**Student:** 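Shown below is the structure under consideration.
Note on naming: letters A, B, ... go to the chains in the order of the sequence lines (proteins, then strands), and numbering restarts at 1 for each one. Since the structure is predicted, the reported quantities are computational estimates derived from the model, not experimental observations.
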Number of protein chains: 2
Amino acid sequence: MESQDLKKAGLKATLPRLKILDILEHSRQRHLSAEDVYKALLEGGEDVGLATVYRVLTQFEAAGLVRRHHFDEGHSVFELELGEHHDHILCVKCGRVDEFYDETIEDRQQAIASKAGYSMTDHSLYIYGICPACQKRA
Amino acid sequence: MESQDLKKAGLKATLPRLKILDILEHSRQRHLSAEDVYKALLEGGEDVGLATVYRVLTQFEAAGLVRRHHFDEGHSVFELELGEHHDHILCVKCGRVDEFYDETIEDRQQAIASKAGYSMTDHSLYIYGICPACQKRA
DNA sequence: CATGCGAATGCGAATACTTCTCATTATCCT
DNA sequence: AGGATAATGAGAAGTATTCGCATTCGCATG
């Protein structure tokens with residue numbers, strides 16, 4: 001029963017929110033755009049408006065349930081927040097997304113921010129390249 | 001005479017292109033949005049359309065004259081390409097932008113891409129935080 | 001378990017940013 | 001200078017996202 005999760009986050013357990021959470025949890029891809037979520041809802045026979053999808057995803061982000069990314073595509077993508085931080089490496093040919101975590105980079109970032117006098121609140125690191133499959137295909 | 005620079009880049013030396021290049025070179029801020037450039041043109045008494053600004057900036061990017069960034073603001077910002085690669089650290093309060101370069105991070109990124117089997121083409125790293133001035137102000 | 005209040009939703013209109021279309025104009029080669 | 005060709009300006013069109021508001025739903029209460 002996920003409605004507990006929502007209540008814990010200070011959100012009413014409404015049908016749209018439960019459905020969207022479900023899609024984020026059980027979708028093939030971990031990274032979904034608002035449009036992706038909307039289409040998944042329609043395919044599931046749900047009658048949810050696109051505006052609600054945007055609203056709910058934004059609320060989920062504020063509540064720390066999902067993370068919003070800006071890949072170089074012109075729209076936001078959302079990913080369930082599972083606690084473990086990671087960065088992304090993306091294929092510029094096929095759009096494949098992989099994840100990684102590197103302690104050294106994390107440490108250096110913190111050091112750079114400190115040296116510049118900043119108190120670091122967040123960071124985003126995307127590596128772009130051509131994935132193994134697309135290299136073979138070329 | 002900068003028209004040589006444009007010709008070298010394979011672009012005709014038109015008035016809008018010269019003016020935009022000039023703005024990018026002499027603006028207070030290194031990082032400008034299309035709208036910023038457009039406003040600067042109008043203030044300079046130039047009669048250039050916003051569509052042209054977008055077109056020219058995109059061409060400049062393709063020609064390697066400028067670099068396009070996607071800070072978490074929903075629009076693109078452009079910066080003159082001066083050869084030396086660097087990453088950015090941004091203040092989430094006042095929008096200040098600083099630059100840095102870290103050899104260790106650059107190397108690690110390359111290593112991570114290789115390990116994942118990717119051939120790296122590019123990367124973007126933004127550190128978000130609160131700048132010294134905004135920390136004092138709080 | 002019926003009921004009411006406030007919060008959440010769906011819809012379409014509105015906004016922000018960017019690109020496209022096309023008639024007009026400017027650039028550059030000769 | 002003249003003409004082929006590419007570039008421009010203006011506004012329409014296209015995406016991505018948010019807003020406004022009447023209606024509906026969740027949930028604490030009786």
**Student:** Would you call A:Arg28-A:Asp36 a salt bridge at under 4.0 Å N-O?
**Tutor:** no
**Student:** Going only through I, L, V, M, F, W and Y residues with side-chain contacts under 4.5 Å, is there a path from B:Val56 to B:Leu80?
**Tutor:** yes
**Student:** Under a criterion of less than 4.0 angstrom to any heavy atom of chain A, what are the 5'-terminal and 3'-terminal contacting nucleotides of DNA chain C?
**Tutor:** C:dG6 to C:dG12
**Student:** Specify the separation, in whole Å, of atom OH of A:Tyr54 and atom C1' of D:dT18.
**Tutor:**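 Atom-to-atom, A:Tyr54 to D:dT18, this comes out as 10 Å.
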**Student:** Do the rings of B:Tyr126 and B:His88 sit parallel, tilted or perpendicular, given the 30° and 60° boundaries?
**Tutor:**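 Plane angle between 30° and 60°, so tilted.
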**Student:** Between A:Glu103 and A:Tyr101, does any side-chain donor sit less than 3.5 Å from a side-chain acceptor?
**Tutor:** yes
**Student:** Find the distance A:His75:NE2 to D:dT15:C1' and express it as a whole number of Å.
**Tutor:** 11 Å
**Student:** Rounded to whole Å, please give me the gap between CG in A:Leu32 and P in D:dT17.
**Tutor:** 13 Å
**Student:** Tell me whether the side-chain N/O atoms of B:Arg17 come closer than 4.0 Å to OP1 or OP2 in D:dA7.
**Tutor:** yes
**Student:** One thing to verify: whether B:Arg67 and B:Glu79 come together as a salt bridge, which I'm taking to mean a side-chain N less than 4.0 angstrom from a carboxylate O.
**Tutor:** no
**Student:** When you check the phosphate oxygens OP1 and OP2 of D:dA6, does a side-chain N or O of B:Thr14 lie under 4.0 Å from one of them?
**Tutor:**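 The answer is no; no side-chain N or O of B:Thr14 sits under 4.0 Å from OP1 or OP2.
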**Student:** Identify the two heavy atoms, one from A:Leu57 and one from A:Ala34, that lie closest to each other, and give their separation to 0.1 Å.
**Tutor:** CD1-CA, 3.9 Å
**Student:** Can you tell me if B:Arg68 uses its side chain to pair, donor with acceptor, with the backbone of B:Ser76 under 3.5 Å?
**Tutor:** no
**Student:** For A:Glu73 and D:dT17, what is the distance between atoms CD and P respectively, to the nearest whole Å?
**Tutor:**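 Going from A:Glu73 (CD) to D:dT17 (P), I get 11 Å.
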**Student:** Between atom CZ in A:Arg55 and atom P in D:dG20, what is the gap in whole Å?
**Tutor:** 11 Å
**Student:** Taking the nucleotide of DNA chain C with the closest heavy atom to each, which residue, B:Leu15 or A:Val53, is nearer the 5' end?
**Tutor:**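 Of the two residues, A:Val53 wins.
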**Student:** Heavy atoms within less than 4.0 Å of DNA chain C: which residues of residues 18-26 of chain A have one? Give them sorted by number.
**Tutor:**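 Under 4.0 Å from DNA chain C: no residue of residues 18-26 of chain A.
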**Student:** Between D:dA16 atom P and A:Phe78 atom CZ, what is the distance in whole Å?
**Tutor:** 13 Å
**Student:** Whole Å only: how far is the NZ atom of A:Lys39 from the P atom of D:dT15?
**Tutor:**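 Atom-to-atom, A:Lys39 to D:dT15, this comes out as 12 Å.
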**Student:** How close or far is atom C1' of D:dT17 from atom CD of A:Glu35, stated in whole angstroms?
**Tutor:** 11 Å
**Student:** With clusters defined by side-chain heavy atoms of hydrophobic residues (ILVMFWY) lying less than 4.5 Å apart, directly or transitively, does A:Leu21 cluster with A:Val37?
**Tutor:**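 Same cluster.
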**Student:** Starting at the 5' end of DNA chain D and moving along, which residue's nearest nucleotide shows up first, A:Ala51 or A:Pro16?
**Tutor:** A:Ala51
**Student:** Indicate, with a heavy-atom threshold strictly under 4.0 Å, whether A:Ser33 touches base, sugar-phosphate, or nothing.
**Tutor:** nothing
**Student:** Could you see if A:Tyr118 belongs to whatever hydrophobic cluster contains A:Ile112? Use Ile, Leu, Val, Met, Phe, Trp, Tyr and a side-chain cutoff under 4.5 Å.
**Tutor:** yes
